[in-house]
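Report on the structure given below.
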Amino acid sequence: MEGTPVGRRVVLGMMGTGLAGILFGSKASDLLERALAPITSRDGTGFLSLFPVGRFRIYTVTGRLHSRSDADYRLNIGGFVDTPVTFTLDDLKAMPPVRMTKDFQCVTGWRVHDVKWTGVRLADVLDQAGVKQGAWGVRLLSFDGSYTETLTLDQARRNDVIVAYEMEGKPVSAAHGGPVRLYVAPMYGYKSIKWLETVEVSETPARAGYWEVRGYDTDAWIGKSNGRDDRPV
Ligand SMILES: Nc1nc2c(c(=O)[nH]1)N[C@H]1C(S)=C(S)[C@@H](COP(=O)(O)O)O[C@H]1N2
Ligand SMILES: [Mo]
């Protein structure tokens, strides 16, 4: 369902504010996600969407859900590195996994408690490319073609910042930004870029991310409630 537009009828009546798309949650998440494809393929507005999926609200600034098969998925690390590297999903899964159970909190107020995450440290991925001395940080790009984020190198190297391929013990669904999304545990959800495709190491401060240019803080620390700590955990 690459680029599948979200149905206008679903969106209208729920929005009106022009805010980001949200999908609300119940236990029927899998069914709903499967049901989304036929619903969303009928209509193509640029609206941000509102759907129920799991315990989360699903955001997509493009107004569409995006997907890539496990086999076709690639993660590219480039920019200010010794050697650009491309990872397949299998490459990522062959690396030492990191598991953690932590909350997910959107800056707009909703919070999902005790989410089980599995992935690899962004730091480990960066190390395979070899970040050059003096790098400022990373710019992250999504294969949705629109969303971007940034992290300083210190933030990117934290043990609780992972390239996630499982949420709640299942592969990250297309709605949640699978097959691979970022999870930045100590920061608000907008840092956790979905449909992650490219990590560009930047020598100089990177252009601000999608929401940051629209007024959000670049440093999105949640606070102590989610294990925020000045030292990497
Ligand atoms: N590509 C992409 N990533 C994104 C967003 C988005 O719209 N597009 N929204 C962000 C915001 S504001 C939040 S709160 C979380 C929501 O994650 P979820 O859709 O899995 O609940 O994704 C973040 N990452
Ligand atoms: Mo958010």
Side-chain angles (χ1 to χ4, degrees), residues 1-6 10-11 15 17-26 29-30 32-33 36 40 46-68 73 75 102-119 122 138-151 161-200 208-223 226:
M1 60 181 158
E2 173 60 32
T4 307
V6 165
V10 180
V11 174
M15 300 304 295
T17 59
L19 289 179
I22 314 167
L23 315 172
F24 279 60
S26 75
S29 60
D30 285 352
L32 278 162
E33 284 180 45
L36 284 181
T40 58
F47 276 81
L48 301 168
S49 49
L50 185 59
F51 279 98
V53 172
R55 298 190 287 157
F56 287 75
R57 300 169 194 190
I58 299 294
Y59 285 86
T60 174
V61 297
T62 61
R64 296 159 188 249
L65 297 177
H66 303 268
S67 74
R68 194 151 290 178
Y73 179 75
L75 175 64
K102 280 181 176 289
D103 298 356
F104 189 85
Q105 171 143 7
C106 177
V107 71
T108 61
W110 56 271
R111 181 170 188 138
V112 183
H113 291 273
D114 298 329
V115 182
K116 281 201 269 173
W117 302 91
T118 308
L122 178 55
V138 296
R139 185 154 199 265
L140 304 144
L141 306 165
S142 168
F143 63 75
D144 71 7
S146 296
Y147 204 82
T148 59
E149 257 306 334
T150 65
L151 292 170
V161 174
I162 64 169
V163 171
Y165 51 78
E166 281 182 20
M167 284 171 71
E168 315 262 47
K170 293 183 301 183
V172 177
S173 67
H176 280 304
V180 173
R181 76 178 298 166
L182 200 69
Y183 174 55
V184 181
M187 293 191 174
Y188 287 111
Y190 63 89
K191 286 290 183 179
S192 295
I193 184 171
K194 297 162 57 160
W195 305 296
L196 178 63
E197 183 171 48
T198 300
V199 179
E200 221 173 67
Y210 182 93
W211 282 119
E212 285 82 350
V213 301
R214 291 161 176 82
Y216 285 22
D217 285 341
T218 301
D219 284 329
W221 303 113
I222 293 171
N226 207 32

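Not measured: the values here are computed from a predicted model. Start at 1 and go down the list; that is how both ligands and their atoms are numbered.
- Counting the atoms of ligand 1 from 1 in the order shown, those under 4.0 Å from a heavy atom of Ser142 are 1 (N).
- Between the side chains of Asp144 and His66, no donor-acceptor pair is found at a separation under 3.5 Å.
- Ligand 1 lies within reach of Trp110, whose nearest heavy atom is under 4.0 Å from it.
- If you look at Thr60 next to ligand 1, the close heavy atoms, those under 4.0 Å, all belong to the backbone.
- Cation-pi contact between Arg181 and Tyr183: absent, since separation from the ring centre below 6.0 Å together with deviation from the ring axis within 45° is not met.
- Contact annotation for Tyr147 and ligand 1: only side-chain heavy atoms (C-beta onward) come within less than 4.0 Å of the ligand.
- Close contacts of ligand 1 with Arg181, meaning ligand atoms under 4.0 Å from a residue heavy atom, involve 15 (C), 17 (O), 18 (P), 20 (O), 22 (O).
- Atoms of ligand 1 lying under 4.0 Å from any heavy atom of Asp144, numbered from 1 in the order shown and given with element: 1 (N), 2 (C), 8 (N).
- A donor-acceptor pair under 3.5 Å is absent between the side-chain atoms of Trp221 and the main chain of Pro186, judged by distance alone.
- Looking only at atom types and distance, the side chain of Thr108 has a donor-acceptor partner in the side chain of Tyr59 under 3.5 Å away.
- Atom numbering of ligand 1 starts at 1 in the shown order; those under 4.0 Å from a heavy atom of Arg57 are 18 (P), 19 (O), 21 (O).
- When non-hydrogen atoms are compared, ligand 1 lies under 4.0 Å from the side chain of Phe104 (C-beta onward) but not from its backbone.
- The cationic group of Arg111 does not satisfy the cation-pi geometry with Phe104, failing either the under 6.0 Å distance to the six-membered ring centre or the 45° limit from the ring axis.
- Side-chain N or O atoms of Asp217 include none that pairs as donor or acceptor with a backbone N or O of Ala220 at under 3.5 Å.
- Set against the non-hydrogen atoms of Ser192, the atoms of ligand 1 under 4.0 Å away are 22 (O), 23 (C), 24 (N).
- Contacts of Tyr188 with ligand 1, taken as heavy-atom pairs under 4.0 Å, are absent altogether.
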Next item on the list: Given side chain to side chain contact (heavy atoms under 4.5 Å, CB included), test Arg139 with Thr148 step by step and report yes or no.
Entry: CA-CA 7 Å; Arg139 185 154 199 265; Thr148 59; 3.7 Å; yes
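- Residue Trp195 has at least one heavy-atom neighbour below 4.0 Å for each of these atoms of ligand 1: 1 (N).
- The part of Phe56 lying near ligand 1 is the side chain, judged by heavy-atom distances below 4.0 Å.
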